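Notes to accompany the following structure.
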Amino acid sequence: MKSIELGLEWFLNPDHLPFIAGIEKGWFRDAGLDLTLIEPEGHYDGLAEVAQGKLAFACNEPLHMIDEARPGLRALGCFFETEGGVMLTPEGEQALKRGETIRVASPVAGEVTDDLARLIVARWCEREGIRFESSQLQIEAAGFEHLKNLQAGFHGAWLCFANFEGVEASELGVAARLISSVEVGLPNFSALELFTGEAFEREYPEVIEAVTRIASEGATLCREEPDEAMRLWYRYSGEAQSDVMDAIVRDTCRRLVAPIMPDAERWRGMWQQFQDLGLSQIDQAGYEAMFSPV
């Protein structure tokens, strides 16, 4: 039995169901693999450790394949895609219309993604005929619990997703608008890509084949049998059943992607637009290298 670890982008959640299904159904074990899902201390830990050869696999948003140069990173394919962006409360919208500064909660305040949040809000304001200065967005580190942050008085939250916070707001009756990147003419980056490192890919191609194949089967199972996916989620996570989480799992299942396979074209438009905006830290050769077989 070979032990391998997969570094998650954040906390365990239903986005990771393709791997959870493979673990709970015993498919990884049957392939001779003991897969462990690891929650990182920081959003980028998994990608850095994979690129350095310290970790076999990691998953993260495709934006983070280009916001920093990570030589040796290899993209294996997308397994989940949703819509994401900034959530604004009605109070936040009105404050922007009055030209006031608003407080926006973010789990990664102070990072390059702040510029992207400001760009999304700026384009939405332009569409709505609202005059906007980037200084009007005061982005503050406030963790992952976006709905609680909005209920506690924040005007907005950044890095929110349709299948999670969008569903939560609807289920809990929280008045908030999700302004997605796609809605304002930016490419979608709200997805999860599976990554490995060049050294691991060279040494263990059979492990990569097994992991992508089994995760693809897991994604297909969850898409076709959301009730089974829900059962697997609660059993693996140990979370107490709730109507809100039921709704999140159901919404997430329809967004899972299979088969999982390298696809440079899927995110090329994202790379090109962020390159044009000066937000990409890798050139075309670096982008192509992530999808090139060793």
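Not measured: the values here are computed from a predicted model.
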Hydrophobic cluster membership, Leu178 vs Val86, 4.5 Å side-chain cutoff: no
Validation row: His16, Glu9 side chains within 4.5 angstrom (heavy atoms): yes
Check ion pair Arg266-Glu81 (N to O, under 4.0 angstrom): yes
Non-hydrogen side-chain atoms of Gln273 and Leu186 separated by less than 4.5 Å: yes
Donor-acceptor contact present, side-chain Arg74 to main-chain Gly197, <3.5 Å: no
Parallel, tilted or perpendicular: rings of Phe19 and Phe28 (30°, 60°): parallel
Closest contact, heavy atoms only, Tyr287 versus Trp267: OH-C, 3.1 Å
Pairwise side-chain contact, Cys78 with Glu193, heavy-atom cut-off 4.5 Å (strictly under): yes
pair Leu37-Ile23: side-chain heavy atoms closer than 4.5 Å: yes
Thr36 vs Ser3, side-chain contact (heavy atoms from CB on, under 4.5 Å): CA-CA, chis, key distance, verdict: CA-CA 8 Å; Thr36 301; Ser3 295; over 6 Å; no
Ion pair Arg29/Glu24, N-O distance below 4.0 Å: no
Which pairs would a plain distance check flag for residues 96-104, meaning a side-chain donor or acceptor within less than 3.5 Å of a matching protein atom at least two apart in sequence or in another chain?
| unit_1 | atom_1 | unit_2 | atom_2 | d |
| --- | --- | --- | --- | --- |
| Arg98 | NE | Glu100 | OE2 | 2.9 |
| Arg98 | NH2 | Glu100 | OE1 | 3.2 |
| Arg103 | NE | Glu140 | OE2 | 2.9 |
| Arg103 | NH2 | Glu140 | OE1 | 3.1 |

Residues, nucleotides or ligands: over 12 heavy atoms within 6.0 Å of Glu145 CD: no
Linked, directly or transitively: Met1 and Tyr204 (ILVMFWY side chains, under 4.5 Å): no
Criterion side-chain contact (heavy atoms from CB on, under 4.5 Å) on Leu12 and Ser237, from CA distance to verdict: CA-CA 8 Å; Leu12 182 74; Ser237 68; 4.2 Å; yes
Working for side chain to side chain donor-acceptor pair (under 3.5 Å), residues His155 and Gln94: CA-CA 10 Å; His155 299 102; Gln94 292 303 313; over 6 Å; no
Verdict with supporting geometry, Gln241 and Asp246, side chain to side chain donor-acceptor pair (under 3.5 Å): CA-CA 7 Å; Gln241 186 275 336; Asp246 286 358; 2.6 Å; yes
Close side-chain approach of Trp10 to Val108, heavy-atom, < 4.5 Å: yes
Minimum heavy-atom distance between Cys253 and Ala229, given as atom pair plus value: SG-CB, 3.5 Å
Phe164 vs Thr82, side-chain contact (heavy atoms from CB on, under 4.5 Å): CA-CA, chis, key distance, verdict: CA-CA 9 Å; Phe164 208 96; Thr82 184; over 6 Å; no
Carboxylate-amine/guanidinium proximity below 4.0 Å for Lys25 and Glu228: yes
Minimum side-chain heavy-atom gap Phe57-Ile208 below 4.5 Å: yes
Stepwise side chain to side chain donor-acceptor pair (under 3.5 Å) test for Asn149 and His146: CA-CA 5 Å; Asn149 288 331; His146 292 310; 4.6 Å; no
Connected via hydrophobic side-chain network under 4.5 Å: Val257 and Leu17: no
Spacing of CD1 belonging to Ile4 relative to CG belonging to Leu35, to within rounding of 0.5 Å: 5.0 Å
Residues Trp233, Glu239; criterion side-chain contact (heavy atoms from CB on, under 4.5 Å); working and verdict: CA-CA 8 Å; Trp233 162 255; Glu239 181 174 343; 3.3 Å; yes
Minimum-distance pair of heavy atoms, taken over all atoms of Asp15 and Thr252: OD1-CG2, 3.8 Å
Least distance between heavy atoms, Ser106 atom then Trp158 atom: OG-CD1, 3.5 Å
pair Leu194-Val211: side-chain heavy atoms closer than 4.5 Å: yes
For the student: nearest non-hydrogen atoms of His64 and Asn60, plus distance: CD2-OD1, 3.0 Å
Non-hydrogen side-chain atoms of Glu168 and Ile248 separated by less than 4.5 Å: yes
Residue pairs involving residues 115-137 (criterion side chain to side chain donor-acceptor pair (under 3.5 Å); sequence neighbours excluded): Arg127-Glu183
